[in-house]
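A short worksheet on the structure shown next.
Scope of the values below: all heavy atoms of this structure, side chains included, with no hydrogens, waters or symmetry mates. All residue numbers in this chain count up from 1 along the given sequence.
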Amino acid sequence: MVLYLGIDVGATNLRVGLVSEYGLVVKYVKSKTPHKGNKETIANEVIKLINKLGRNMLSRIEGVGVGTIGPLNIRSGEVINTPNNLIRDFALLEPIRSKLKLPTYVVNDCVAAVWGEYLWGAGKGKENIVYLTLSSGIGAGAVVDGHILLGKDGNAHEVGHIVLNYSSSIKCGCGGLGHWEAFASGKNIRNLVNEVIHKVAKVSNTEIRGLVRKYGDPEALFTLWRGGDRYSSIIVEELKKINAAGIASVINVYDPEVLSVGGSIAINNEDFMKEVFNIVKYYVTNSLPELVITPFRDLAVVIGAAAIAYQPPKELLRKQST
Ligand SMILES: [Zn+2]
């Protein structure tokens, strides 16, 4: 059996999987992403994980794909000034390729994931697909007319920074005002909670701070919402509209046949996502695509990165040498 190595460099976790030419994960290991070290610390940790897969497996690998948090310099395969890791700048392509001596590709994590959906997943047989992640950040990858969109540095479709409220004073991690990610990513839901609680809770400032802490953690927020808690219902109602408006904006721009959503917020809260999908129709101009949760769950980037190695998009080959 021919195998491909799919590597997911996330904000929280590193995941490495051996994937067959049909998109099946044969073996998989993960660890925490290092947040301290130098330019090669993360690549070294990836190599350590790969070695855990076993020597007999490694000899069958034909190619290596990496899907990583951005922003990315697609030519050098380096992550540049990322807000999602304290190391900020790190190399992936060169250190991994020189150690494994195999064709290696590095792309943005959502670019990897959408290619996986295109070849093996929710977009199989279709030409227009968007993969969206709702996680600690918000991002997307797009295949339009069978072509993957990359952009000049590999950072096309930074949809988390779509402006959803131009009069908002909430600042995104990138510095812009009123961005989708500033309200709705796992890291920033607290901003939305803060705004809603200030509007609806007529209590002291100390109590407000307590409420923001209570509802600011996404997992706690969704658990309280399922229990019928009053404040969480108001917050989640807002969150549904924000995500529906963001998803509709993405549909309006890319006109996909299928939009597949992954990331921890989506895959851990399918009931919430179903309600989001139901109200997207109020915000779109293009006809509605099929809206699904990724069939690959938390392995969407691993499988997608392997898909990049299995069939490298020609748009990527023009920008990155193996
Ligand atoms: Zn932003």
Side-chain angles (χ1 to χ4, degrees), residues 7-15 32-35 42 66-74 78-90 92 106-114 130-142 149-151 153-165 168 170-193 216-219 221-222 239 242-243 245-247 249-250 253 259-269 272-273 276 293-294 296-302 304-305:
I7 300 165
D8 172 7
V9 178
T12 313
N13 293 306
L14 288 179
R15 296 183 165 94
K32 291 282 170 216
T33 308
H35 277 256
I42 291 178
V66 183
T68 178
I69 51 170
L72 186 69
N73 176 333
I74 199 145
E78 289 173 302
V79 173
I80 309 288
N81 199 23
T82 179
N84 294 313
N85 194 300
L86 296 173
I87 301 178
R88 308 291 288 192
D89 299 283
F90 50 93
L92 293 167
V106 177
V107 293
N108 172 289
D109 46 9
C110 290
V111 166
V114 77
V130 168
Y131 174 87
L132 173 74
T133 182
L134 298 178
S135 185
S136 43
I138 294 176
L149 302 185
L150 293 175
D153 294 317
N155 303 313
H157 36 70
E158 281 284 354
V159 304
H161 307 278
I162 286 176
V163 178
L164 286 185
N165 183 352
S168 170
I170 292 180
K171 213 176 214 183
C172 183
C174 74
L177 295 174
H179 293 183
W180 182 5
E181 182 170 304
F183 301 100
S185 74
K187 227 163 86 178
N188 295 332
I189 279 180
R190 172 179 282 263
N191 290 335
L192 175 72
V193 170
D217 171 63
E219 212 172 306
L221 174 68
F222 285 114
L239 197 58
I242 291 169
N243 284 321
I247 289 172
S249 301
V250 171
V253 173
L259 185 141
S260 170
V261 188
S264 55
I265 301 250
I267 59 184
N268 295 334
N269 302 288
F272 164 72
M273 286 311 298
V276 171
I293 302 288
T294 175
F296 298 142
R297 318 294 300 180
D298 59 354
L299 292 176
V301 177
V302 165

Would a 4.5 Å heavy-atom cut-off, applied to side chains only, mark [X] and [Y] as touching?
X	Y	value
V276	V261	no
T133	D109	no
N84	K187	yes
D8	N13	no
F183	I138	no
L177	S168	no
P71	T82	yes
N188	H179	no

- Would N85 and I42 count as a side-chain contact (heavy atoms from CB on, under 4.5 Å) if you check the C-alpha gap in whole Å, the side-chain angles of each, and the deciding distance to 0.1 Å? CA-CA 10 Å; N85 194 300; I42 291 178; 3.7 Å; yes
So, does [X] use its side chain to make a donor-acceptor pair with the main chain of [Y] at under 3.5 Å?
X	Y	answer
R15	L299	no
N108	C110	yes
S185	S136	yes
T294	S260	no

Looking at every heavy atom in both [X] and [Y], which two are closest together, and how far apart are they?
X	Y	result
K171	N191	O-ND2, 4.4 Å
L221	L239	CD2-CD2, 4.4 Å
P218	G186	CG-O, 3.6 Å
A300	Y131	CB-OH, 3.6 Å
A140	V159	CB-CG2, 3.6 Å
A142	V130	CB-CG2, 4.2 Å

Roughly how far, to the nearest 0.5 Å, is the [atom2] atom of [Y] from the [atom1] atom of [X]?
X	Y	atom1	atom2	value
L132	L259	CG	CG	6.0 Å
I265	N243	CD1	CG	8.0 Å
N81	N73	CG	CG	12.5 Å
L192	I242	CG	CD1	4.5 Å
W180	H161	CH2	NE2	11.0 Å
L72	L92	CG	CG	8.0 Å

- Task: Please step through side-chain contact (heavy atoms from CB on, under 4.5 Å) for the pair I87 and V79, ending with a clear verdict.
- Result: CA-CA 10 Å; I87 301 178; V79 173; over 6 Å; no
